[in-house]
Amino acid sequence: MEKKLAEYKCDTNEAISLKLVRFPEDVDDDSTTFHPEYSHQVFGDDEVAFGYKGLQIQLFYAAGNLSTLFKVKYTSKVTETFDCVEADDVEGKIREIIPAGFTCNTDDFISLLEKEANFKPFGTLLHTYTVHSEEAGELTYQIHKADVTCPGFREYHERLQTFLMWFIETASFIDADDDRWDFFLVFEKYNKDGETLYATVGYMTVYNYYVYPDKTRPRVSQMLILPPFQGEGHGAQLLEAVHRFYCSLPKVQDITGEHLTEDPSENYVKLRDYVLVKLCQGLPSFAADKLHLGFSADMIKEAQDKLKINKKHARRVYEILRLRATDMSDEDKAREYRLEVKKRLFGPYRKNQRELAKMRKCLRPEELVSHMSQMDTQTQHEELEKSYQDVVEDYRRIIERLASQA
């Protein structure tokens with residue numbers, strides 16, 4: 001019985017098919033399909049739907065305004081064979097996250113594609129750039145800033161944010177009615193029957209915190225480049241355009257770049273480091289001949305005044321640029337650099353030492369031993385060395401990327 005029932009379990013990451021549809025023929029073209037990285041927020045930690053064989057959950061979106069086709073298909077259902085077993089309500093779970101207004105009819109969806117010619121990007125154009133594609137030649141992209149006052153944007157954003165559930169591990173929907181949210185959108189221009197159309201590429205949401213007495217501190221909340229466009233440099237273009245936009249506003253104190261609700265992902269930190277290094281490398285205080293003198297007050301001030309980058313991020317920029325300017329085959333210079341980075345990395349361990357000193361005064365001997373084992377000096381040195389090696393490896397990748405873009 002258990003074996004037979006196991007046949008009705010489906011991996012929801014495989015069962016869900018996502019598409020961004022430009023042309024009617026895309027609907028049946030498997031090469032345009034992509035799948036979620038995560039589905040646990042909708043289907044539970046196991047990312048399994050029970051009760052179906054051959055389950056297919058289709059979520060197809062018109063490439064521009066994201067009009068949605070939603071269909072559930074399967075070859076057989078557990079209730080057809082077993083009387084007393086319930087199948088998961090797959091359709092109900094998806095309906096909880098996709099906004100009303102979708103269609104379940106493929107012909108109706110294809111007729112909606114004809115309206116894509118009327119879709120225009122929301123808000124204000126901030127930046128235009130091109131990317132060379134082997135297949136299509138030069139492709140043009142635009143970055144726009146929008147807010148909920150733009151006609152039709154609220155409904156469009158409700159459709160767009162559904163992608164977060166499939167590609168950000170701890171995603172949550174935001175309250176778009178709060179006017180402190182800014183939205184930044186990336187679109188690709190493409191031709192269809194001689195007309196210029198726009199396809200959604202990705203987006204970022206930023207929340208403007210109040211800073212006493214009359215400033216704001218924008219913080220990145222969510223950022224997603226849709227899978228068909230990943231690895232083409234759009235994330236860096238978006239982050240740089242957003243950073244330059246906030247730098248132009250006198251009321252902005254600094255741009256923290258940290259996520260609101262979760263630690264920023266490793267990929268996001270690398271992207272942010274790359275963009276900030278690109279912005280700072282031309283500043284006089286970060287010139288190659290200044291870097292070996294150490295992280296200076298001039299660097300902190302210039303990064304803050306000219307680019308609204310806070311001290312913590314300016315320090316990382318300095319470390320990356322100093323690595324680039326250091327001959328690591330010279331033992332003395334390499335040692336100087338290693339000590340400089342480890343000095344920063346040692347901060348959390350120093351805090352542990354201070355806590356240990358406090359504990360000595362108030363803990364019983366057996367309690368102290370258990371805490372001391374957690375803070376063993378040898379282990380700390382090993383962890384510190386590993387942290388240093390990891391950091392340098394990340395920094396080298398950023399330096400390589402900068403060199404390849406030069």
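In this text, all values refer to a predicted model and were calculated from it rather than measured experimentally.
Note: Tyr141 and Phe229 have perpendicular aromatic rings, judged against thresholds of 30 and 60 degrees for the angle between ring planes. His157 and Tyr203 have perpendicular rings, their planes meeting at more than 60° on a 0 to 90° scale where under 30° would count as parallel. A tilted orientation is assigned to the rings of Tyr156 and Phe187, their planes being inclined by 30° to 60°. In this structure, Tyr212 and Tyr210 have perpendicular ring planes: the angle between them is above 60°, well past the 30° mark.
Although no hydrogens or angles enter the test, the distance criterion places a donor-acceptor pair under 3.5 Å between the side chain of Lys192 and the main chain of Arg22. Using a distance-only test at 3.5 Å, with no hydrogens or angles considered, a donor-acceptor pair links the side chain of Tyr52 to the main chain of Asp88. With Glu47 contributing its side chain and His40 its backbone, the two residues share a donor-acceptor pair below 3.5 Å. A distance-only check finds a donor-acceptor pair linking the side chain of Arg159 to the backbone of Asn65 [under 3.5 Å].
A salt bridge links Arg244 with Glu240; the closest basic N to acidic carboxylate O contact falls under 4.0 Å. We find that Asp182 and Lys145 are joined by a salt bridge, their nearest charged nitrogen and carboxylate oxygen being less than 4.0 Å apart. In this structure, Asp26 does not pair ionically with Lys19, as no charged nitrogen and carboxylate oxygen lie closer than 4.0 Å. Between Arg316 and Asp273 there is a salt bridge, with a side-chain nitrogen of the basic residue lying less than 4.0 Å from a carboxylate oxygen of the acidic one. Under the 4.0 Å criterion applied to side-chain N and carboxylate O atoms, Asp89 and Lys93 are not assigned as salt-bridge partners.
Residues Tyr61 and Phe163 place their aromatic rings such that the two centres sit under 6.0 Å apart. Taking the six-membered ring where the residue is Trp, the centroids of His144 and Phe184 are separated by 6.0 Å or more. Aromatic ring centres of Phe245 and His243: separated by at least 6.0 Å.
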Without placing hydrogens or testing angles, list every side-chain donor-acceptor pair under 3.5 Å for residues 396-406, not counting sequence neighbours.
unit_1, atom_1, unit_2, atom_2, d
Arg397, NH1, Asp394, OD1, 3.4
Arg397, NH2, Glu393, OE2, 2.8
Ser404, OG, Arg401, O, 2.8

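The cationic atom of Arg219 (NZ for Lys, CZ for Arg) lies less than 6.0 Å from the six-membered ring centre of Tyr209 and within 45° of the ring axis.
Applying the salt bridge (Lys or Arg N to Asp or Glu O under 4.0 Å) definition to pairs two or more places apart or across chains, none involves residues 108-134.
Considering SG of Cys280 and CE of Met299, their distance stands at 10.0 Å, rounded to 0.5 Å. The distance from atom CG of Leu239 to atom CG of Leu276, rounded to the nearest 0.5 Å, is 7.0 Å.
Remark: Pro284 engages Glu302, Lys306 in a side chain to side chain contact (heavy atoms under 4.5 Å, CB included) (not counting sequence neighbours).
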